[in-house]
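Side chains included, hydrogens not; waters and symmetry mates left out as well; all remaining heavy atoms used. Indexing begins at 1, ligand by ligand and atom by atom, following the structure's order.
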Amino acid sequence: MPLANITTIERHILDQQKRFPSATGEFTELLYDIALAAKMIARETTRAGLANILGESEGTNFYGERQQKLDVYADEVIMSLNEGTQRLCAMASEEHDDLIEIPTQFGLGKYVLLFDPLDGSSNIDVNVSVGTIFAIHRRVTPSGQGTMADVLQAGRRLVAAGYVIYGSSTMMVYSAGQGVHGFTLDPALGEFLLSHPDIRVPDTAKFYSANQGNERYWTDGVRGFTRWLQGMDPDDPRKPLSGRYIGSLVTDFHRNLLQGGVFYYPADSREGAPYGKMRLMFEAQAMAYLAQHAGAYASDGIGDILDVVPHSLHQRTPVFVGNRDLVERAEAFIRASDADWLETFGAYRARSAAGG
Ligand code: AHM
Ligand code: MG
């Protein structure tokens with residue numbers, strides 16, 4: 001990389017913030033803190049096989065899933081680097097049942113941080129890439145500890161979101177509403193350097209990504225959509241897309257963002273899964289926000305995920321994300337074939353936070 005072109009993540013965030021003369025710098029600092037947490041998590045994940053940190057911990061999370069030791073480590077790193085900064089009024093993590101309160105001695109700020117500390121962690125033991133997902137809202141209550149009202153905001157209101165991918169290299173990808181930008185960690189320097197400015201999803205999609213092992217549980221609409229992607233719809237034959245599925249959301253999303261395609265994790269008929277597996281607040285909102293700012297689109301099968309007003313912290317949602325034409329095609333298949341499911345999921349989606 002020519003020296004003149006080197007931009008650190010810190011410099012990039014600062015330059016972006018300069019476009020807003022009223023910005024106080026708090027938000028810039030918050031993104032630095034996340035980048036620092038990412039470096040610490042990267043350090044552990046890349047030497048996980050050496051450091052006696054692989055494997056399951058004693059705990060389970062809200063979903064009854066056994067936590068990996070690295071889940072717990074990543075969660076603690078993000079919490080401890082952010083709780084004392086006076087930039088947040090609340091945090092929420094996929095690994096915690098309730099809101100994480102900010103200890104009062106630290107003072108409170110105006111932002112809310114939501115995160116999935118280590119997504120895809122069931123892949124760690126076999127050396128498959130995992131990621132951290134984060135999303136930032138501005139508080140809506142005037143003061144004091146943040147409340148559910150501050151956290152349960154529609155994705156449309158996010159002020160920033162991003163992910164870190166711990167793969168063959170470590171990358172941080174984020175958007176604060178002015179494009180999506182990717183930074184690669186130079187391990188020798190310990191700095192994230194701008195490597196992928198202004199990411200846009202390519203117009204032509206290459207891949208579709210879904211866990212087809214679940215196909216027998218899918219609705220007719222989702223099955224029809226899949227046949228269409230494979231070019232097997234007799235009414236509309238097309239060149240088939242290649243299938244690629246890692247089972248690590250950040251990695252699947254990242255590949256399709258850079259190379260074009262659609263990732264979907266639909267609802268299915270298994271016990272407890274009529275609303276899908278992905279978590280609206282910790283996974284789907286951030287991905288939908290990034291998709292929007294990269295010229296792509298994310299739907300829950302009914303409409304734009306960014307418009308869904310959340311009713312609970314651990315709310316599930318189906319996800320279809322990628323090239324807009326493909327995602328809209330999924331919606332069309334669902335509209336045409338899945339009336340019963342639309343009714344059930346529509347009612348869940350329309351619940352209010354007050355329990356209505
Ligand atoms: P996690 O948050 O418990 O790690 O689960 C999320 C992961 C995603 O990364 C991935 O897209 C999906 O679950 C894989 O699910 P499945 O194994 O059912 O295909
Ligand atoms: Mg997750």
What atoms in ligand 1 come closer than 4.0 Å to a heavy atom of [X]?
X	answer
G247	9 (O), 10 (C), 14 (C)
E283	2 (O), 6 (C)
L249	8 (C), 9 (O), 10 (C), 11 (O)
S121	4 (O)
D116	2 (O)

Any N or O of [X] closer than 3.5 Å to N or O of ligand 1:
X	value
S122	no
D252	no
G120	yes

Under 3.5 Å, is there a donor-acceptor pair linking the side chains of [X] and [Y]?
X	Y	answer
T219	D338	yes
H96	D75	yes
S129	T251	no
E191	T8	no

Mode of [X] contact toward ligand 1 - side chain, backbone, both, neither (heavy atoms, under 4.0 Å):
X	value
Y265	side chain
F263	side chain
V250	neither

Check: So, is the end of the R324 side chain (NZ or CZ) under 6.0 Å from the ring centre of Y297 and within 45° of the ring's axis?
Finding: yes
Checklist line | Quiz item: cation-pi between R255 and F207, 6.0 Å / 45° | finding: yes
Next item on the list: Quick one: do D119 and T132 satisfy side chain to side chain donor-acceptor pair (under 3.5 Å)? Show the steps, please.
Entry: CA-CA 6 Å; D119 183 75; T132 296; over 6 Å; no
Notebook entry, point to check: Counting heavy atoms only, which of E94, R270, M278, R279 is nearest atom 5 (O) of ligand 1?
Noted result: R279
Note to self: Using heavy-atom distances only, which candidate in N211, V130, I133 approaches atom 16 (P) of ligand 1 most closely?
What the structure shows: N211
Next item on the list: Report the C-alpha separation of F263 and F253 in whole Å, then their side-chain angles, then the decisive distance to 0.1 Å, and conclude whether the ring pair (Phe, Tyr, Trp, His ring centres under 6.0 Å) test is met.
Entry: CA-CA 7 Å; F263 167 92; F253 179 88; 8.1 Å; no
Margin query: Tell me if the centroids of the rings in F192 and H12 come within less than 6.0 Å of each other.
Written below: no
Next item on the list: Could you tell me if the ring centre of Y208 sits under 6.0 Å from that of W228?
Entry: no
Check: Under 2.8 Å from the Mg ion (ligand 2), how many protein N, O or S atoms can be found?
Finding: 4
Notebook entry, point to check: In chain order, what residues pass the salt bridge (charged side-chain N to carboxylate O under 4.0 Å, His left out) check against D235, with sequence neighbours excluded?
Noted result: none
Note to self: For the backbone of R87 and the side chain of K110, can you confirm whether one donor and one acceptor N or O come within less than 3.5 Å of each other?
What the structure shows: no
